[in-house]
2 protein chains.
Amino acid sequence: MKYAQATNYALHTMVYLASISPDSLVGVRLLAELQSVSTTYLSKILTKLAKEDLVSSSPGVNGGYRLARSADSITFLDIIEAVEGRQAILTCQLAGVEKEEACVIQQKMEVGEQQLKSYLAGITILEIVEELDESVKSFLLKHQR
Amino acid sequence: MKYAQATNYALHTMVYLASISPDSLVGVRLLAELQSVSTTYLSKILTKLAKEDLVSSSPGVNGGYRLARSADSITFLDIIEAVEGRQAILTCQLAGVEKEEACVIQQKMEVGEQQLKSYLAGITILEIVEELDESVKSFLLKHQR
DNA sequence: CTAATTATAGACATTAAGACTCTTTAATTA
DNA sequence: TAATTAAAGAGTCTTAATGTCTATAATTAG
């Protein structure tokens with residue numbers, strides 16, 4: 001079980017946005033360079049984040065992205081679900097014997113998944129930024145516009 | 001994030017093995033019928049479980065599979081890792097800025113993953129069998145050899 | 001007003017993984 | 001010896017992930 005690479009990009013992008021400048025706009029080109037990924041591909045991911053209202057965007061000269069909300073109100077769960085979707089970790093088709101009743105296996109998995117979600121919902125982008133190494137922070141701050 | 005369908009088959013197969021008969025051998029054909037999956041495909045999954053010493057197998061007439069250990073010593077985590085592998089849920093390539101230090105994002109994910117693993121390691125096959133509905137149990141018992 | 005810049009969207013290509021099937025081989029037992 | 005059953009390998013098919021390329025729309029600098 002592994003998250004998509006896109007989820008990794010999304011998490012880093014949000015941390016970078018919060019770190020470089022929580023308020024002013026940051027272009028996708030810089031965000032892509034920081035992660036060695038193409039601008040077009042990262043754009044797709046950012047569009048997903050925008051649709052879930054995690055970032056806001058502005059086109060045009062000096063346009064770009066910024067956090068749509070305060071960094072302490074955006075959690076890992078928000079970001080992961082925006083990119084991965086909200087499908088359950090395991091779903092039984094409930095064919096054959098267990099057709100009429102809920103699958104016990106699935107019930108157990110749901111509990112575990114809920115625990116993980118609770119944990120992820122407790123981690124904010126602000127928290128990550130605060131724990132960043134100083135050298136990383138100062139590097140990112142150099143790229144403010 | 002979703003487990004493979006094969007993981008679902010594996011979990012059900014282990015529960016069926018424990019339920020039908022913890023000691024005597026059960027052929028893959030029956031196990032496949034119960035889940036509406038082909039015998040050859042389920043065979044592959046069972047071979048993975050055998051390699052991790054979760055089931056033991058015997059070829060030949062009246063051969064088949066049985067649990068390799070007692071049902072209370074086999075956990076969801078054992079089965080899931082046997083099928084899914086043991087790759088981390090998220091790994092940063094640690095390029096660019098964060099090259100020299102561990103990625104904070106990854107560290108947070110590792111904690112969550114460890115929590116999930118602990119939960120999964122606490123759920124045994126025996127526990128599932130005990131919680132099965134009586135109608136399911138009696139249905140499965142009809143297929144003892 | 002025009003040109004440059006930037007996000008958005010769609011179509012497309014490539015790759016990898018998952019989910020199988022088919023066939024052969026090896027082991028075991030009736 | 002023949003039937004049965006697991007193991008293993010090769011191959012197929014589908015789907016999803018990971019991108020690229022191009023065109024369009026919105027915004028702003030000049």
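Values below: all heavy atoms of this structure, side chains included; hydrogens, waters and symmetry mates excluded. Proteins come first, then strands; the chains are lettered A, B, ... in the order of their sequence lines, and each starts at number 1.
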Heavy-atom check, side chain of A/Ile79 versus side chain of A/Ile74, under 4.5 Å: yes

Describe the nucleic acid contact of A/Tyr3 in one word from base, sugar-phosphate, nothing, applying a heavy-atom distance below 4.0 Å. nothing

Could you tell me how far apart B/Tyr9 (OH) and C/dG18 (P) are, to the nearest whole angstrom? 14 Å

Taking the minimum atom-to-atom distance to the side chain of B/Asn62, which one of D/dG19, C/dA30, D/dA17 wins? C/dA30

For residues B/Ser19 and B/Lys137, report the shortest heavy-atom separation together with the two atoms involved. OG-CG, 4.4 Å

Between P on C/dG18 and CG on A/Leu90, what's the gap in Å once rounded to a whole number? 15 Å

Please write out the pairs of protein N or O atoms and N or O atoms of nucleotides 25-28 of chain C separated by less than 3.5 Å, giving the distance to one decimal.
none

Would you indicate what B/Lys2 reaches in the nucleic acid, counting non-hydrogen atoms under 4.0 angstrom: base, sugar-phosphate, or nothing? nothing

Interatomic distance, A/Gln5 CD vs C/dA16 P [rounded to whole Å]: 14 Å

Does atom CZ of A/Arg69 have more than 12 heavy-atom neighbours, drawn from other residues, nucleotides or ligands, at distances under 6.0 Å? yes

Between B/Tyr16 and B/Val26, is there a side-chain heavy-atom distance shorter than 4.5 Å? no

Between D/dT27 (P) and A/Arg66 (CZ): distance, integer Å: 13 Å

Tell me whether the OP1 or OP2 atom of C/dT8 has a side-chain N or O from A/Tyr65 closer than 4.0 Å. yes

Look at all strands and tell whether A/Ala50 reaches a base, only sugar-phosphate, or nothing, counting heavy atoms closer than 4.0 Å. nothing

Report yes if some heavy atom in the side chain of A/Glu52 is under 4.5 Å from a heavy atom in the side chain of A/Glu81; otherwise report no. no

Report yes or no: do B/Glu110 and B/Gln106 form a side-chain donor-acceptor pair below 3.5 Å? yes

Heavy atoms from C-beta onward define the side chain here; which of C/dC20, D/dA6, D/dT18 lies closest to that of B/Ser57? D/dA6

Take the protein atom CD of B/Gln35 and the nucleotide atom P of C/dA19, then report the distance between them rounded to whole Å. 13 Å

Would you mind reading off the distance between A/Leu25 atom CG and C/dA7 atom P, rounded to a whole angstrom? 9 Å

Option among B/Met109, B/Glu113, B/Gln115 that satisfies the side chain to side chain contact (heavy atoms under 4.5 Å, CB included) test with A/Tyr119: B/Gln115

Numerically ordered, the residues 37-48 of chain A set in heavy-atom contact under 4.0 Å with DNA chain D is A/Ser38, A/Thr40, A/Tyr41, A/Lys44

Length of the line joining A/Gln87:CD and D/dA17:C1', which is rounded to integer Å: 13 Å

Is the closest side-chain heavy-atom distance between B/Leu34 and B/Leu140 below 4.5 Å? yes

For A/Thr91, is there any backbone N or O sitting under 3.5 Å from a side-chain donor or acceptor partner on B/Asn8? yes

